[in-house]
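Written out below as structure tokens is the structure these notes cover.
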Amino acid sequence: QVQLVESGGGLVQAGDSLRLSCAASGLTFSNYVMGWFRQAPGKERSFVAFISRSGGSTNYANSVKGRFTISRDNTKNTVYLQMNSLKPEDTAVYYCAANRIISVAPKFYDYWGQGTQVTVSS
């Protein structure tokens, strides 16, 4: 079956960096758009970034543009999220997701990981 496994979360201070990874199995990875979403306590899950099947196209939420970078390695079936200049408001559980079409809406994503916690202290 399809599995998406995130890693790389943790507790950091404001201004620090983290790199999240999401390893995929059970699907033809290069056929899927990959997205990162996040959910803070008491809030809905929100779009962070997506990357096209080839990696040639990316899109970011305004709140992370210029600080976060999404990338993928189709030879390793892995998508990454490099997060720089982290802020306390970036604190959330971060999820990766797979989708056959480009979308920023969580409801269109077919497969989800279990999430990894990112906590940014001030």
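Being a predicted model, the structure only gives us computed values, none of them experimental. In what follows, every heavy atom counts, from backbone to side chain, and hydrogens, waters and symmetry copies are set aside.
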| Could you go step by step and tell me if Ser17 and Gln82 meet the side chain to side chain contact (heavy atoms under 4.5 Å, CB included) rule? | CA-CA 7 Å; Ser17 299; Gln82 178 67 43; 3.9 Å; yes
| query | So, is the end of the Arg38 side chain (NZ or CZ) under 6.0 Å from the ring centre of Phe47 and within 45° of the ring's axis? | reply | no
| Should the pair Arg72 and Tyr80 be classed as cation-pi, given the thresholds of under 6.0 Å to the six-membered ring centre and 45° from the axis? | no
| task | Verify the cluster assignment for Tyr109 and Met34: are they in a single hydrophobic cluster under the rule of side-chain heavy atoms below 4.5 Å apart? | result | no
| Over 12 foreign heavy atoms within 6.0 Å of NZ, Lys43 | no
| task | Grab the two heavy atoms, one from Phe50 and one from Ser103, that are nearest each other, plus how far apart they are. | result | CD2-O, 3.6 Å
| Residue pair Asp90, Phe68: steps toward the side chain to side chain contact (heavy atoms under 4.5 Å, CB included) verdict | CA-CA 11 Å; Asp90 294 319; Phe68 290 11; 3.9 Å; yes
| message | Please tell me whether Asp73 and Thr78 have a donor and an acceptor in their side chains that are separated by less than 3.5 angstrom. | response | no
| Linking I/L/V/M/F/W/Y whenever any side-chain heavy atoms sit under 4.5 Å apart, do Trp36 and Val2 land together? | yes
| query | Can you list the steps and then say if Trp112 with Phe37 is a ring pair (Phe, Tyr, Trp, His ring centres under 6.0 Å)? | reply | CA-CA 10 Å; Trp112 291 84; Phe37 295 80; 5.0 Å; yes
| query | With distance as the sole criterion, is a donor-acceptor pair present between the side chains of Gln117 and Thr119 under 3.5 Å? | reply | yes
| message | Taking Val64 as the starting point, is it possible to reach Ile70 by hopping between hydrophobic residues whose side chains are less than 4.5 Å apart? | response | yes
| note | The single option from Val118, Asp16, Thr69, Val120 that satisfies side chain to side chain contact (heavy atoms under 4.5 Å, CB included) with Met83 is Val118
| said: What I'd like to find out is whether the side chain of Ile101 reaches to under 4.5 Å of the side chain of Val33, using heavy atoms alone. | reply: no
| field | Distance in Å, Cys22 SG paired with Leu81 CG, rounded so as to fall on 0.5 Å steps | value | 10.5 Å
| If Ile, Leu, Val, Met, Phe, Trp and Tyr residues are connected whenever their side-chain heavy atoms lie under 4.5 Å apart, and connections chain through other members, are Leu4 and Val79 in the same group? | yes
